[in-house]
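Below is one structure, written out as structure tokens; comments come after it.
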Amino acid sequence: MVVFLQVMVPVLLIYLSGFSLQKALKLDIKPISTLAMYLLLPFLVFKTFYERKLDLNFGYILVITLVIMLALLGLGLIIAKILHYNQKKLNAFY
């Protein structure tokens, strides 16, 4: 629960503030989303990892993340083969 409050709540607040500003001021969303994805979120992740001590839980998270990514890659390739995607579309998976 503490990790949720320390990591997810700030991320959700960033997205909610961007959504609210866009609805209220009719801003162009592309620069705001680019700023959030390429600047603000990496800063937030770096700050979170910098302040927390590394323990075995981070290893578990890393292993689970890699397993999920490989499973999704495999699933995508299987579906692409079933749907007879050409080589150009298959290259998107690599």
Do L83 and L73 share a hydrophobic cluster (ILVMFWY, side-chain heavy atoms under 4.5 Å, transitive)?
yes
Find the distance between NZ (K30) and CG (L35) and round it off to the nearest 0.5 Å.
12.0 Å
Tell me, which pairs form a salt bridge (charged side-chain N to carboxylate O under 4.0 Å, His left out) where one or both residues lie in residues 32-47, sequence neighbours left out?
K47-E51
Say you draw a straight line from CD1 of I61 to CG of L66; how long is it, rounded to the nearest 0.5 Å?
12.0 Å
For atom CZ of F19, decide whether the heavy atoms of other residues, nucleotides or ligands shown that lie under 6.0 angstrom number more than 12.
no
In this structure, CZ of F43 is separated from CG of L40 (nearest 0.5 Å) by 7.5 Å
Going only through I, L, V, M, F, W and Y residues with side-chain contacts under 4.5 Å, is there a path from V11 to Y38?
yes
Calculate, to the nearest 0.5 Å, the distance between atoms CG and CD1 belonging to L77 and I82 respectively.
11.0 Å
Test side chain to side chain contact (heavy atoms under 4.5 Å, CB included) applied to L72 - qualifying residues, sequence neighbours left out:
I68
Side-chain touch N91/Y85, heavy atoms, less than 4.5 angstrom:
no
Do you reckon L62 sits in the same ILVMFWY cluster as M69, going by side-chain contacts under 4.5 Å, direct or chained?
yes
Side chain proximity check, Y60 to L56, heavy atoms < 4.5 angstrom:
yes
Looking at every heavy atom in both L41 and M37, which two are closest together, and how far apart are they?
CD1-SD, 3.7 Å
Please, which pairs that meet salt bridge (charged side-chain N to carboxylate O under 4.0 Å, His left out) have at least one residue in residues 76-86, sequence neighbours excluded?
none
